Amino acid sequence: MEELARYLVVAALLFGIGLAGVLTRRNAIVVLIGIELMLNAANLNFIAFWRHGPHPEALAGVMFVLFAIAIAAAEAAVGLGLVIAAYRHYRTTNLDQIEEMKG
Amino acid sequence: MDTAFLITAAAILAGAAGAMAARNVVHCALCAVVSFAGLAAAFLQLRAEFVGFAQLLVYVGAVAILIVVALLLTRNLEATHEALSFRPWTLGLAIALLVSGAVVSAILGSGLTLGAPASAPAPTVKEIGNLLMTRYVVALEVVGVLLTVALIGAALVALRETGPGRTAKAGEQGSGGSRLEE
């Protein structure tokens, strides 16, 4: 398997693992971890394609990943803030028990 | 190179699988850290050094700490050992397997023949800085604003709810985790 394909396969498997976690786990924080894993899989794809693309000197992939990391950090902060707020309200982080929008 | 790739891939995938399968949420967070560190190593192998170190700083440093602090603040003893028998989890697993299987078969069947210009020099920090200050300067400013807004928003969202009823309810449960918030 050539080098690009190896990294793409790893990224696809990582995305699948994250997706499985998001779909099956019921703890809000673990679901957020799964979302982060999926984001990271996309970043790995960007870097692999940048490295093996026709114009590695343009640095487009690197720039995209840098901005994606910054936005993922903001997303994690807001997401965990929401989890804490929801926990304070419902006294649980189990997504199956958080089922009312007004409570 | 091959061994390095195998170790990195094993760290990424095993960490991720552990993070999604562990029943104890603290173990989930620690396994996720292993996966993030493996990704940083993969970025380094792909000669994106700056991104690799940014990944280490942001994910292994900041996001992992955020997750652990959120776990601490939402500590819930009976939920720590969450059962795996929730929901149609076979359905979720099947969907995930389907998605990643489809992507992997597409990759393997596509016969990707993009060249391997492994000889291209790794980008220097100076080049990245130049680009950030010229071509991507608008995006950089927008990200700065976004981070500020996210900071304020996260603080506001997580602020204590005030109002009649709320405080009384919080008061009667004032033990353990909620003490920390007060």
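This one's a predicted model, so the numbers in the text were calculated from it and none came from an experiment. Note on naming: letters A, B, ... go to the chains in the order of the sequence lines (proteins, then strands), and numbering restarts at 1 for each one.
Interface check for chain B: of the options A/A73, A/A41, A/A77, A/G61, the most heavy-atom pairs under 4.5 Å are formed by A/A77. Between chain B and the residues A/V10, A/N40, A/L59, the most heavy-atom pairs under 4.5 angstrom are made by A/N40. The candidate from A/V31, A/V62, A/I17, A/V65 with the greatest count of non-hydrogen atom pairs under 4.5 Å with chain B is A/I17. The greatest number of non-hydrogen atom pairs below 4.5 Å with chain A, out of B/V142, B/I95, B/V149, B/L13, is found for B/L13. Per-residue heavy-atom pair counts under 4.5 Å with chain A were compared for B/I128, B/L147, B/V63, B/V103, and the maximum is reached by B/I128. Considering only heavy-atom pairs separated by less than 4.5 Å from chain A, the leading option among B/A29, B/P123, B/G153, B/A54 is B/P123.
Shortest non-hydrogen contact noted between B/T8 and B/A42 is CG2-N, 3.5 Å.
A/R25 CZ to A/N94 CG: the interatomic distance, rounded to the nearest 0.5 Å, is 10.5 Å. One finds the CZ atom of B/F43 at 13.5 Å from the CZ atom of A/R51 (value rounded to the nearest 0.5 Å). Interatomic distance, CD1 of A/I35 versus CG of A/L32, reported as 5.0 Å (0.5 Å rounding).
Heavy atoms closer than 4.5 Å to chain A are found in the side chain of B/V99, but not in its backbone. For a residue to count as touching a neighbouring chain, one of its non-hydrogen atoms must lie under 4.5 Å from one of that chain's; by this rule A/V78 touches chain B with backbone and side chain alike. A/A68 does not touch chain B: none of its heavy atoms, backbone or side chain, sits under 4.5 Å away. Of the two parts of B/I67, the backbone and the side chain both hold a non-hydrogen atom closer than 4.5 Å to a non-hydrogen atom of chain A. Proximity to chain A (any heavy atom under 4.5 Å) is restricted, for B/L39, to the side chain, taken from C-beta onward. Using a 4.5 Å cut-off between heavy atoms, A/L14 contacts chain B through both its backbone and its side chain. Contacts of B/A48 with chain A are made by both backbone and side-chain atoms, with heavy-atom separations under 4.5 Å.
The aromatic rings of A/Y7 and B/F5 sit perpendicular to each other, their planes meeting at more than 60°, with 30° as the lower class boundary.
The environment of B/Y136 atom OH is dense: over 12 non-hydrogen atoms of other residues, nucleotides or ligands sit within 6.0 angstrom.
Checking side-chain atoms of A/R88 against main-chain N and O of B/A158 turns up a donor-acceptor pair under 3.5 Å. Side chain of B/S35 to main chain of B/C31: no donor-acceptor pair is present (N/O by atom type, distance under 3.5 Å, no hydrogens or angles). A donor-acceptor pair under 3.5 Å is formed between the side chain of B/Q45 and the backbone N or O of B/A4.
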